[in-house]
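What follows is a single structure, written as C-alpha coordinates, with notes after it.
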Amino acid sequence: DAKTTQPNSMESNEEEPVHLPCNHSTISGTDYIHWYRQLPSQGPEYVIHGLTSNVNNRMASLAIAEDRKSSTLILHRATLRDAAVYYCILRGLTVTGNQFYFGTGTSLTVIP
Amino acid sequence: SQTIHQWPATLVQPVGSPLSLECTVEGTSNPNLYWYRQAAGRGLQLLFYSVGIGQISSEVPQNLSASRPQDRQFILSSKKLLLSDSGFYLCAWGAGGRPYNEQFFGPGTRLTVL
(Lines give C-alpha, C1' and ligand atoms only; values in the text may rest on other atoms or scores of the structure.)
Protein backbone atom coordinates (compact mmCIF):
# COMPACT_ATOMS: atom_id res chain seq x y z
CA ASP A 1 0.00 0.00 0.00
CA ALA A 2 1.15 3.55 -0.68
CA LYS A 3 2.38 5.64 2.24
CA THR A 4 0.46 8.41 3.97
CA THR A 5 1.77 11.47 5.82
CA GLN A 6 -0.12 13.14 8.66
CA PRO A 7 0.78 15.82 11.21
CA ASN A 8 1.75 14.34 14.55
CA SER A 9 -0.70 16.44 16.53
CA MET A 10 -3.43 19.06 16.23
CA GLU A 11 -5.59 21.05 18.60
CA SER A 12 -9.12 22.26 18.26
CA ASN A 13 -11.57 24.18 20.42
CA GLU A 14 -14.71 22.40 21.44
CA GLU A 15 -17.65 22.89 19.07
CA GLU A 16 -15.37 24.21 16.34
CA PRO A 17 -14.81 22.36 13.04
CA VAL A 18 -11.63 20.33 12.69
CA HIS A 19 -9.81 19.61 9.44
CA LEU A 20 -7.35 16.71 9.67
CA PRO A 21 -5.08 16.52 6.61
CA CYS A 22 -3.48 13.49 5.00
CA ASN A 23 -1.01 13.45 2.12
CA HIS A 24 -0.75 10.40 -0.12
CA SER A 25 1.14 11.53 -3.19
CA THR A 26 1.88 7.99 -4.44
CA ILE A 27 -1.73 6.81 -4.30
CA SER A 28 -2.78 4.52 -7.13
CA GLY A 29 -6.03 4.76 -9.03
CA THR A 30 -7.61 1.82 -7.19
CA ASP A 31 -6.55 2.73 -3.63
CA TYR A 32 -9.34 3.46 -1.18
CA ILE A 33 -8.74 6.09 1.51
CA HIS A 34 -9.77 4.96 4.98
CA TRP A 35 -9.88 6.87 8.24
CA TYR A 36 -9.91 5.23 11.65
CA ARG A 37 -9.62 6.72 15.09
CA GLN A 38 -8.38 5.32 18.37
CA LEU A 39 -9.69 6.57 21.66
CA PRO A 40 -7.41 6.16 24.69
CA SER A 41 -7.02 2.53 25.80
CA GLN A 42 -9.36 1.25 23.07
CA GLY A 43 -9.00 -0.41 19.71
CA PRO A 44 -9.34 1.70 16.56
CA GLU A 45 -12.79 2.31 15.15
CA TYR A 46 -13.85 2.98 11.60
CA VAL A 47 -14.67 6.58 10.74
CA ILE A 48 -15.12 6.86 6.98
CA HIS A 49 -13.70 5.78 3.64
CA GLY A 50 -13.80 7.00 0.05
CA LEU A 51 -12.34 6.51 -3.40
CA THR A 52 -12.79 9.66 -5.51
CA SER A 53 -15.86 11.59 -4.43
CA ASN A 54 -16.35 13.40 -1.15
CA VAL A 55 -18.19 11.32 1.44
CA ASN A 56 -20.38 12.17 4.41
CA ASN A 57 -21.62 10.04 7.28
CA ARG A 58 -22.90 10.64 10.77
CA MET A 59 -19.40 10.86 12.21
CA ALA A 60 -17.52 12.98 9.70
CA SER A 61 -16.95 14.11 6.14
CA LEU A 62 -14.10 13.12 3.85
CA ALA A 63 -12.90 15.61 1.27
CA ILE A 64 -10.69 14.11 -1.43
CA ALA A 65 -8.55 16.31 -3.65
CA GLU A 66 -9.24 16.19 -7.35
CA ASP A 67 -5.82 14.60 -8.02
CA ARG A 68 -6.37 12.26 -5.01
CA LYS A 69 -2.93 13.06 -3.65
CA SER A 70 -4.39 14.39 -0.43
CA SER A 71 -7.53 14.15 1.63
CA THR A 72 -9.04 15.86 4.65
CA LEU A 73 -11.15 14.40 7.40
CA ILE A 74 -13.63 16.98 8.64
CA LEU A 75 -15.26 16.85 12.05
CA HIS A 76 -17.98 19.45 11.86
CA ARG A 77 -18.22 20.23 15.57
CA ALA A 78 -15.49 18.82 17.75
CA THR A 79 -16.51 17.45 21.12
CA LEU A 80 -14.34 16.28 23.97
CA ARG A 81 -15.17 12.72 22.94
CA ASP A 82 -13.45 13.31 19.60
CA ALA A 83 -10.05 13.51 21.30
CA ALA A 84 -8.25 10.57 19.77
CA VAL A 85 -5.51 9.50 17.37
CA TYR A 86 -6.76 9.64 13.78
CA TYR A 87 -5.23 7.35 11.19
CA CYS A 88 -5.35 7.79 7.42
CA ILE A 89 -4.76 4.51 5.57
CA LEU A 90 -4.73 3.47 1.92
CA ARG A 91 -6.06 0.08 0.81
CA GLY A 92 -5.59 -1.31 -2.68
CA LEU A 93 -7.09 -4.08 -4.76
CA THR A 94 -3.95 -6.25 -4.63
CA VAL A 95 -3.96 -6.65 -0.88
CA THR A 96 -4.80 -10.34 -0.54
CA GLY A 97 -5.36 -10.39 3.19
CA ASN A 98 -6.95 -6.97 3.22
CA GLN A 99 -4.57 -6.08 6.00
CA PHE A 100 -4.16 -2.54 7.26
CA TYR A 101 -0.84 -0.81 7.85
CA PHE A 102 -1.31 1.93 10.39
CA GLY A 103 1.08 4.88 10.57
CA THR A 104 1.51 7.02 13.66
CA GLY A 105 -1.59 9.12 12.95
CA THR A 106 -2.59 12.56 14.20
CA SER A 107 -3.28 13.02 17.90
CA LEU A 108 -6.21 15.40 18.22
CA THR A 109 -6.61 17.42 21.40
CA VAL A 110 -9.97 19.12 21.97
CA ILE A 111 -9.85 22.15 24.22
CA PRO A 112 -12.96 22.87 26.30
CA SER B 1 -24.74 -8.34 14.82
CA GLN B 2 -21.06 -9.18 14.92
CA THR B 3 -19.02 -9.03 18.09
CA ILE B 4 -15.38 -9.69 18.83
CA HIS B 5 -14.06 -10.88 22.17
CA GLN B 6 -10.56 -10.89 23.57
CA TRP B 7 -9.26 -12.25 26.83
CA PRO B 8 -7.78 -11.65 29.19
CA ALA B 9 -8.19 -7.88 29.38
CA THR B 10 -4.96 -7.43 31.31
CA LEU B 11 -2.04 -9.73 31.96
CA VAL B 12 1.19 -9.46 33.90
CA GLN B 13 3.75 -12.13 33.08
CA PRO B 14 7.40 -12.72 34.02
CA VAL B 15 10.12 -12.77 31.39
CA GLY B 16 10.54 -16.25 29.95
CA SER B 17 7.00 -17.38 30.68
CA PRO B 18 4.61 -18.60 27.95
CA LEU B 19 1.75 -16.58 26.54
CA SER B 20 -1.64 -17.39 25.10
CA LEU B 21 -4.11 -14.71 24.06
CA GLU B 22 -7.44 -15.66 22.57
CA CYS B 23 -9.78 -13.87 20.21
CA THR B 24 -13.19 -15.03 19.04
CA VAL B 25 -15.67 -13.50 16.65
CA GLU B 26 -19.42 -14.00 16.64
CA GLY B 27 -22.05 -13.28 14.03
CA THR B 28 -20.00 -13.77 10.88
CA SER B 29 -18.38 -16.62 9.01
CA ASN B 30 -15.02 -16.96 7.27
CA PRO B 31 -13.70 -13.62 8.49
CA ASN B 32 -10.18 -12.37 7.91
CA LEU B 33 -8.52 -12.17 11.32
CA TYR B 34 -5.66 -9.96 12.46
CA TRP B 35 -3.35 -9.50 15.45
CA TYR B 36 -1.81 -6.08 16.10
CA ARG B 37 0.49 -4.83 18.84
CA GLN B 38 0.82 -1.30 20.11
CA ALA B 39 3.83 -0.49 22.28
CA ALA B 40 3.43 2.36 24.74
CA GLY B 41 3.12 5.67 22.89
CA ARG B 42 3.53 4.04 19.49
CA GLY B 43 1.39 3.21 16.49
CA LEU B 44 -0.21 -0.13 15.67
CA GLN B 45 2.03 -2.85 14.27
CA LEU B 46 0.43 -5.66 12.29
CA LEU B 47 1.76 -8.98 13.59
CA PHE B 48 -0.25 -11.71 11.86
CA TYR B 49 -3.25 -12.13 9.63
CA SER B 50 -5.30 -15.10 8.56
CA VAL B 51 -7.67 -15.57 5.63
CA GLY B 52 -8.86 -19.03 6.71
CA ILE B 53 -8.48 -21.95 9.14
CA GLY B 54 -4.84 -22.94 9.47
CA GLN B 55 -3.68 -20.11 7.19
CA ILE B 56 -1.36 -17.69 8.96
CA SER B 57 0.74 -14.91 7.46
CA SER B 58 3.44 -13.35 9.61
CA GLU B 59 4.35 -9.72 9.13
CA VAL B 60 7.19 -9.37 11.61
CA PRO B 61 9.73 -12.06 12.59
CA GLN B 62 9.77 -12.43 16.37
CA ASN B 63 9.17 -14.88 19.18
CA LEU B 64 5.39 -14.78 18.73
CA SER B 65 3.23 -17.18 16.76
CA ALA B 66 -0.43 -17.31 15.80
CA SER B 67 -2.87 -20.10 15.11
CA ARG B 68 -6.41 -20.35 13.81
CA PRO B 69 -7.84 -23.68 14.93
CA GLN B 70 -11.44 -22.75 14.14
CA ASP B 71 -13.08 -20.37 11.70
CA ARG B 72 -13.76 -17.68 14.27
CA GLN B 73 -10.95 -18.28 16.74
CA PHE B 74 -7.52 -16.67 16.58
CA ILE B 75 -4.79 -17.33 19.13
CA LEU B 76 -1.54 -15.48 19.75
CA SER B 77 1.18 -17.41 21.55
CA SER B 78 4.72 -17.26 22.75
CA LYS B 79 6.92 -19.93 24.33
CA LYS B 80 9.11 -17.41 26.17
CA LEU B 81 8.15 -13.79 26.66
CA LEU B 82 10.64 -10.94 26.36
CA LEU B 83 10.47 -7.54 28.02
CA SER B 84 9.91 -6.04 24.57
CA ASP B 85 6.70 -8.05 24.19
CA SER B 86 4.92 -5.68 26.56
CA GLY B 87 2.15 -3.73 24.89
CA PHE B 88 -1.48 -3.50 23.95
CA TYR B 89 -2.55 -6.44 21.80
CA LEU B 90 -5.51 -6.01 19.53
CA CYS B 91 -7.43 -8.58 17.54
CA ALA B 92 -9.49 -7.48 14.56
CA TRP B 93 -11.71 -9.05 11.95
CA GLY B 94 -12.77 -7.98 8.50
CA ALA B 95 -14.74 -9.29 5.58
CA GLY B 96 -12.34 -10.45 2.94
CA GLY B 97 -11.84 -9.57 -0.66
CA ARG B 98 -12.53 -5.87 -1.08
CA PRO B 99 -10.30 -2.88 -0.22
CA TYR B 100 -13.26 -0.87 1.02
CA ASN B 101 -14.17 -3.42 3.69
CA GLU B 102 -13.85 -2.19 7.27
CA GLN B 103 -11.94 -3.80 10.09
CA PHE B 104 -13.51 -4.20 13.49
CA PHE B 105 -11.32 -4.27 16.57
CA GLY B 106 -11.67 -6.04 19.87
CA PRO B 107 -11.23 -4.43 23.29
CA GLY B 108 -7.58 -5.46 23.50
CA THR B 109 -5.28 -7.15 26.02
CA ARG B 110 -2.78 -5.07 27.92
CA LEU B 111 0.30 -7.22 28.52
CA THR B 112 3.06 -6.26 30.92
CA VAL B 113 6.19 -8.39 30.96
CA LEU B 114 8.32 -7.94 34.07
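If you're wondering where the values come from, they're calculated on a predicted model, not measured in any experiment.
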Contact winner vs chain B - Gly105(A), Pro44(A), Ser41(A), heavy-atom pairs under 4.5 Å: Pro44(A)
Flag the pair Leu44(B) / Gln38(A) as yes when at least one side-chain heavy-atom distance between them is below 4.5 Å, and no otherwise. yes
Asp67(A) atom CG, neighbour heavy-atom count above 12 within 6.0 Å: yes
What's the spacing between Asn101(B) CG and His49(A) NE2 if we round to 0.5 Å? 8.0 Å
Nearest 0.5 angstrom please: Phe102(A) CZ to Arg42(B) CZ, how far? 16.0 Å
For residues [X] and [Y]: do they belong to one hydrophobic cluster (side chain heavy atoms under 4.5 Å, members Ile, Leu, Val, Met, Phe, Trp, Tyr)?
{"X": "Val47(A)", "Y": "Trp93(B)", "value": "no"}
{"X": "Ile75(B)", "Y": "Phe105(B)", "value": "no"}
{"X": "Val15(B)", "Y": "Leu111(B)", "value": "yes"}
{"X": "Val55(A)", "Y": "Leu73(A)", "value": "yes"}
{"X": "Ile64(A)", "Y": "Leu75(A)", "value": "yes"}

Region of Phe104(B) that comes under 4.5 Å of a non-hydrogen atom in chain A: neither
Cut-off 4.5 Å, heavy atoms of chain A, and the answer for Gln55(B) is neither
So which residues of residues 83-92 of chain B are in contact with chain A at a heavy-atom cut-off of under 4.5 Å? Phe88(B), Leu90(B)
Please confirm whether the backbone N or O of Glu102(B) pairs with a side-chain atom of Tyr36(A), one donor and one acceptor, at under 3.5 Å? no
